[in-house]
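All chains are named by letter (A, B, ...) in the order of the sequence lines, taking the proteins before the strands, and each is independently numbered beginning at 1.
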2 protein chains.
Amino acid sequence: MARRRQSVTIKHVAADAGVSLQTVSRVINNEPNVRPAMKERVQASIDKLGYVPSIAAQRMSGSRSYLILAINDRDLTIADWRAREGRDWVDQMLLGGMLTCAEHGYRMLIELVDTHSDHVERELGAALAALQPDGVILTPPHSENPLITGLLAERGIPFARIGSKQDGPGIAMTMGDTHNAQLATDHLIELGHERIGFIAGPKEFSLAGWRIEGWEKTMADAGLPTDGLCERGDFGFESGILAASNLLDAAEPPTAIIASSDQMALATIEVARKRGLDIPRDLSLVSFDNSPIVRFTQPPLTAVDQPISATIARAVELLIEARKKAPPKEPVSVHGELVVRGSTAGPGRRGDS
Amino acid sequence: MARRRQSVTIKHVAADAGVSLQTVSRVINNEPNVRPAMKERVQASIDKLGYVPSIAAQRMSGSRSYLILAINDRDLTIADWRAREGRDWVDQMLLGGMLTCAEHGYRMLIELVDTHSDHVERELGAALAALQPDGVILTPPHSENPLITGLLAERGIPFARIGSKQDGPGIAMTMGDTHNAQLATDHLIELGHERIGFIAGPKEFSLAGWRIEGWEKTMADAGLPTDGLCERGDFGFESGILAASNLLDAAEPPTAIIASSDQMALATIEVARKRGLDIPRDLSLVSFDNSPIVRFTQPPLTAVDQPISATIARAVELLIEARKKAPPKEPVSVHGELVVRGSTAGPGRRGDS
DNA sequence: ATGAAAGCGCTAACAC
DNA sequence: GTGTTAGCGCTTTCAT
């Protein structure tokens, strides 16, 4: 294998334009102190030769690596991929992240890290040392892992914490969970529901709590009860079966349920079906995530669309900006939307779809 | 922002172990000519200091970049991500690619390239110059684009062509399309079907033709007819409607249909439903891809599982090996499997599920 | 506003 | 077997 060198380097451009390396470098990096005429001449050579800087060399000389690293939980991610149940969290991350990176000449790279292991620091440290990314995006459940955030802070690498409002280093970002839960609750209230149950996520996820808050607040504002109408699940199907059963077994069961994940919504459909409850006639249902499967259920689910793509896109922008200006200290929130489909209707109504 | 340098470099290790840089380098790269005792001592220092080589520096000094670049079609990929219809092609690529890369200390990076544009070469050339990957994975429809394969060959970068059997530079790889189509056809023949229709993909995709071959051969071997039983689609839903309609409008319509994509299978379900044909009683249906949605249809579809993950994993291995030994000249094939679900049964039978 | 020199962390080539 | 030297392509000082 021929030793592969850069085919056209900054030297070639400098020679072609008849200037020093430094001037070419200045043009590439859009730095000041280059006369327009000069800049144009250099740019012409760059275009002519098809020159593209080597990010390895740029990184070596102490500047940027043009790499943004997104850290996902290894086990959860691999489980999703293997299960092939249509969870497109990673795809949405790529959609927002890759395209935004590309706009700025960056690339996004995904790294799987095992949160539970005791060598998180070694794993992450190795990735940081090897790649030297200019920014890191942490997704739950990594976002609030102090071993991880501490390491990043210590190394001075800008990072975003998706799904975290905590104080501390890094940019806290949320997908508007409280707001999104309000949207769902409002929708049901407007349809005439008064007893609205909520299937929450596990305590380990901060965002699970924020969603409860949104629901509770909206219910309280409307003068509606929430007592005994909230059950916890773990986002998975089985836990949804239990939670939905508990809610529907109550003396005064809800006429509508908001589930904090698509899997728990699927479970609720199953529980309703077993009890002969028609959705949406006897029970309205709203789910969170809006992953692909919700359109293939009977009926298709009204769902909160978590703005994964938009949030990651924003994270990338903030991380790239972090080189120049201080990142926001307050949590950054990107709101989701409610997508209305056939699983919600007024109490006792058939639904329109 | 503090200028970020490598925290612990090869120098620190060399100093700690009391040896030269070169010896450390030899240990890192598992090269010969290092006495076991020496190697152990150096390794101890590496572990102690938590040293991890910088891939930028490794790349700079003319060795590997430890990067594998997977090239996907920009428009198709973004369309899939935005549509959120559960196509998990990219996820399966990541599953096979990232994990295999990780095993060898490599990373996989996805790059979206626009095939149709006239600046493919510039786009790809820029990515190659910037990242200098050690290997490239081409997916359809890039795999047989001579502009792309030519550029890669010219630069001497090892690459794999997924979904291509053509001669020429690079490693040709298939996902066993012919074999997979035979599996599907055999399954239907065993159930007792004699008129088996085939909805093929577009001519631009070589693999569409291979699938037809598999079906035709199996039918011929069984002494069954294929005349008038093959329609072309473009893998999309609308084309599937047309193709399925044509097949079912025939004087002697098939009792079973094999669709070359999940979307075309979905379309076939729709056409059957409109004509009051029950699946699988009146019509058996097999689809290709086995993407997540096929489990959510009524009934769930018997489908050919295209071994995306395994194929990409194999590609990564071959590319990494390419540094040392010559890659295979013959096409490499990874076979898929048939996943039997509720959409296939004997002619006139209800099916067991 | 431009150029020259030094060095980033690592490995190939050669010396010993 | 091990150490030394040079240099990869680029950006950072620092001069001019």
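Nearer the 5' end of DNA chain D, as judged by each residue's closest nucleotide, is the contact made by Val8(A), out of Arg26(A) and Val8(A).
Nucleotide dA5(C) holds its P atom 13 Å from the NZ atom of Lys11(A), rounded to whole Å. In this structure, CG of Asp134(B) is placed 13 Å from P of dT11(C), rounded to the nearest angstrom. To the nearest angstrom, P of dT4(D) lies 9 Å from CG of Leu21(B). Taking atom CG on Leu131(B) and atom P on dC10(D), their separation rounds to 14 Å, with Å as the unit. Summarising the geometry, the separation between CE on Met60(A) and P on dT12(D) is reported as 13 Å, rounded to the nearest angstrom. Atom pair Ile10(A):CD1 and dT11(D):C1' shows a separation of 8 Å (rounding to whole Å applied). Atom C1' of nucleotide dT11(C) and atom CZ of Arg64(B) are separated by 11 Å, given to the nearest angstrom. Atom CD in Gln22(A) sits about 9 Å away from atom C1' in dC10(D), given to the nearest Å.
The side chain of Ser61(B) places no N or O atom within less than 4.0 Å of a non-bridging phosphate oxygen (OP1 or OP2) of dG7(D). The phosphate of dG3(C) (OP1 or OP2) has a side-chain N or O of Thr23(A) nearer than 4.0 angstrom. One finds no side-chain N or O of Thr9(B) lying less than 4.0 angstrom from the OP1 or OP2 phosphate oxygen of dG9(C). Put simply, Ser25(B) has a side-chain N or O that comes within less than 4.0 Å of OP1 or OP2 on dT11(C).
At a threshold of 4.0 angstrom between heavy atoms, the contacts of Val24(B) with the nucleic acid are absent. Contacts of Gln58(B) with the nucleic acid, taken as non-hydrogen atoms under 4.0 Å apart, involve only primed sugar atoms and P, OP1 or OP2.
A donor N or O paired with an acceptor N or O is not found under 3.5 Å between the base of dG9(C) and the side-chain atoms of Arg59(B).
Partners of Thr311(B) under the side chain to side chain donor-acceptor pair (under 3.5 Å) rule, at least two apart in sequence or in another chain, do not exist in this structure. Under the side chain to side chain donor-acceptor pair (under 3.5 Å) criterion, Thr115(A) pairs with Asp73(A), His142(A), not counting sequence neighbours. Under the rule for a side chain to side chain donor-acceptor pair (under 3.5 Å), the partners of Ser54(A) that lie at least two apart in sequence or sit in another chain are Gln132(B). For Asp47(B), the side chain to side chain donor-acceptor pair (under 3.5 Å) partners two or more places apart in sequence, or in a different chain, are Gln43(B). Judged as a ring pair (Phe, Tyr, Trp, His ring centres under 6.0 Å), and not counting sequence neighbours, the contacts of Tyr66(A) are Tyr106(A).
Contacts between residues 31-53 of chain B and DNA chain C, defined by a heavy-atom separation below 4.0 Å, involve Glu31(B), Tyr51(B), Pro53(B), listed by number.
Looking only at side-chain heavy atoms (C-beta outward), Arg107(A) and Ile68(A) stay at 4.5 Å or farther from each other. A heavy-atom distance below 4.5 Å is not found between the side chains of Met108(A) and Leu67(A).
The terminal axes of the helix from dA1(C)-dT16(D) to dC16(C)-dG1(D), fitted over 5 pairs per end, subtend an angle of 30° to the nearest 10°.
A 6.0 Å sphere centred on CZ of Arg87(B) holds no more than 12 heavy atoms belonging to other residues, nucleotides or ligands.
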Counting only pairs under 3.5 Å, give me each side-chain donor-acceptor contact of residues 157-170 of chain A, with atom names and distances, residues two or more places apart or in other chains.
from: Arg161(A); atom 1: NE; to: Pro169(A); atom 2: O; distance (Å): 3.1
from: Arg161(A); atom 1: NH1; to: Ser164(A); atom 2: OG; distance (Å): 2.8
from: Arg161(A); atom 1: NH1; to: Gln166(A); atom 2: O; distance (Å): 3.0
from: Arg161(A); atom 1: NH2; to: Gln166(A); atom 2: O; distance (Å): 3.2
from: Arg161(A); atom 1: NH2; to: Gly168(A); atom 2: O; distance (Å): 3.4
from: Arg161(A); atom 1: NH2; to: Pro169(A); atom 2: O; distance (Å): 3.0
from: Arg161(A); atom 1: NH2; to: Gly170(A); atom 2: O; distance (Å): 3.4
from: Ser164(A); atom 1: OG; to: Glu144(A); atom 2: OE2; distance (Å): 2.9
from: Ser164(A); atom 1: OG; to: Gln166(A); atom 2: N; distance (Å): 3.4
from: Gln166(A); atom 1: NE2; to: Glu144(A); atom 2: OE1; distance (Å): 3.4

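Residue pairs meeting the salt bridge (charged side-chain N to carboxylate O under 4.0 Å, His left out) criterion with at least one partner in residues 16-31 of chain A, sequence neighbours excluded, are Asp16(A)-Lys48(A).
The listed nucleotides are dC10(D), dG3(C), dC10(C); the one nearest the side chain of Ala57(A) is dC10(D).
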